[in-house]
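Input: a single structure, listed below in structure tokens.
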Amino acid sequence: MSAYTDQDPRLHGIKTQIRVVPNFPKSGIMFQDITTLLLDPKAFKDTIDLFVERYKGKNISVVAGIEARGFIFGPPIALAIGAKFVPLRKPKKLPGKVISQEYILEYGRDCLEMHVGAVEAGERAIVVDDLIATGGTLGAAMDLLERVGAEVVECACVIELPELKGRERLNGKPLYVLVEYFDI
């Protein structure tokens with residue numbers, strides 16, 4: 001589901017604050033830069049508020065944020081809805097015992113890790129990131145949480161690139177996005 005179809009006036013303000021950087025980090029990529037959104041306190045607050053309005057009162061106990069930009073949006077959402085924030089990190093970034101989930105990229109593999117015991121069986125979770133492109137990272141995050149018995153209620157992203165069909169890799173799991181970008 002896309003919030004953008006709701007025509008909430010805050011969404012236009014959010015979308016206009018996301019800068020598109022051509023050919024970054026490599027030729028042919030149209031990079032969706034959320035740092036300009038973060039520079040606008042109103043647009044940043046509106047972004048957080050839209051997610052909080054969606055998840056408040058839904059009995060969510062875990063907000064899992066994907067490194068690195070999920071760490072920007074996840075903690076304020078978690079605090080506002082009374083949930084814990086669980087960072088999902090790249091390999092060898094978390095001290096102590098971790099559980100890992102590998103996933104396939106277009107040209108290789110990657111991995112997400114989470115502290116053992118950070119999430120308990122039966123907890124209701126959302127996964128937060130800034131953007132969904134191909135869906136590989138979100139899929140791995142859901143797999144990681146579900147392996148420990150959590151119920152992943154939904155994935156939440158600021159931006160979706162629908163042409164890359166990432167939503168299809170989520171195996172029917174709901175995805176909530178604020179802004180869609182076409183013609184990437």
Side-chain angles (χ1 to χ4, degrees), residues 14 18 25 31-39 41 44-56 58-105 108-161 166-167 169-171 173-179:
I14 292 167
I18 298 169
F31 186 77
Q32 309 295 310
D33 181 14
I34 56 105
T35 61
T36 47
L37 170 70
L38 303 176
L39 294 173
F44 185 26
K45 182 180 184 315
D46 286 346
T47 300
I48 299 303
D49 288 350
L50 283 162
F51 287 124
V52 169
E53 290 164 16
R54 181 160 180 89
Y55 299 114
K56 191 125 185 137
K58 298 273 173 74
N59 199 27
I60 305 294
S61 58
V62 174
V63 174
I66 296 174
E67 186 172 347
R69 290 177 294 273
F71 293 5
I72 296 169
F73 299 101
I77 295 167
L79 286 171
I81 67 172
K84 61 185 168 184
F85 177 74
V86 176
L88 305 180
R89 302 223 47 198
K90 304 278 167 100
K92 302 187 187 320
K93 301 279 186 166
L94 292 172
K97 291 187 178 189
V98 297
I99 180 172
S100 302
Q101 181 68 45
E102 278 197 3
Y103 60 102
I104 297 170
L105 298 167
R109 296 173 113 35
D110 210 342
C111 182
L112 285 178
E113 294 183 340
M114 172 178 74
H115 277 124
V116 170
V119 178
E120 303 294 328
E123 288 195 280
R124 289 172 48 86
I126 59 171
V127 178
V128 176
D129 205 358
D130 67 323
L131 179 139
I132 178 169
T134 64
T137 308
L138 279 178
M142 289 188 316
D143 290 346
L144 191 58
L145 292 163
E146 289 172 346
R147 280 179 46 209
V148 299
E151 175 193 353
V152 178
V153 175
E154 193 165 73
C155 296
C157 295
V158 178
I159 304 164
E160 179 180 15
L161 306 177
R167 189 179 289 267
R169 290 186 67 182
L170 302 183
N171 299 320
K173 190 64 68 183
L175 170 66
Y176 182 69
V177 298
L178 300 184
V179 174

Reported [atom1]-to-[atom2] distance for the pair [X] and [Y], which is rounded to 0.5 angstrom:
| X | Y | atom1 | atom2 | answer |
| --- | --- | --- | --- | --- |
| L138 | D129 | CG | CG | 6.0 Å |
| L38 | T47 | CG | OG1 | 8.5 Å |
| L94 | E113 | CG | CD | 6.5 Å |
| I159 | R69 | CD1 | CZ | 8.5 Å |
| L178 | I18 | CG | CD1 | 8.0 Å |
| Q101 | L112 | CD | CG | 8.0 Å |

Do [Y] and [X] meet the salt-bridge criterion of a basic N to acidic O distance under 4.0 Å?
| X | Y | value |
| --- | --- | --- |
| K90 | E67 | no |
| E151 | R124 | yes |
| E123 | K84 | yes |

> Between Y103 and R109, is there a cation-pi geometry (under 6.0 Å to ring centre, at most 45° from the normal)?
Replying inline: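 Judged by the rule, R109 and Y103 form no cation-pi pair.
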Answer yes or no: is there a side-chain heavy-atom contact under 4.5 Å between [X] and [Y]?
| X | Y | value |
| --- | --- | --- |
| L145 | M142 | no |
| F44 | I14 | no |
| P91 | D110 | yes |
| V153 | P174 | no |
| V62 | I126 | no |
| I99 | L144 | yes |

>> Please determine whether side chain to side chain contact (heavy atoms under 4.5 Å, CB included) holds for the pair V177 and R167, giving the CA-CA distance in whole Å, both sets of side-chain angles, and the decisive distance to 0.1 Å.
In response: CA-CA 11 Å; V177 298; R167 189 179 289 267; 4.1 Å; yes
> Can you tell me if K173 uses its side chain to pair, donor with acceptor, with the backbone of V152 under 3.5 Å?
Replying inline: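 It does hold such a pair.
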> Quick check: does any side chain N or O of H115 sit under 3.5 Å from a backbone N or O of L88, one acting as donor and the other as acceptor?
Replying inline: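 Checked: no pair found.
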Any idea which heavy atoms bring [X] and [Y] closest together, and the distance?
| X | Y | value |
| --- | --- | --- |
| S100 | C111 | CB-SG, 3.7 Å |
| G65 | F71 | O-CE1, 3.2 Å |
| Y55 | C155 | OH-O, 4.2 Å |
| A83 | I60 | CB-O, 3.5 Å |
| L170 | G135 | CD2-O, 4.1 Å |
| G117 | E120 | O-OE2, 3.1 Å |

>> Let's go through C157 and L175 carefully: what are the C-alpha distance in whole Å and the side-chain angles of both, what is the deciding distance for side chain to side chain contact (heavy atoms under 4.5 Å, CB included) to 0.1 Å, and is it a yes or a no?
In response: CA-CA 8 Å; C157 295; L175 170 66; 4.2 Å; yes
>> As a quick check of understanding, evaluate side chain to side chain contact (heavy atoms under 4.5 Å, CB included) for K58 and E154, giving each step before the final call.
In response: CA-CA 11 Å; K58 298 273 173 74; E154 193 165 73; over 6 Å; no
> side chain to side chain contact (heavy atoms under 4.5 Å, CB included) between T137 and I132: does it pass, once the steps are laid out?
Replying inline: CA-CA 8 Å; T137 308; I132 178 169; over 6 Å; no
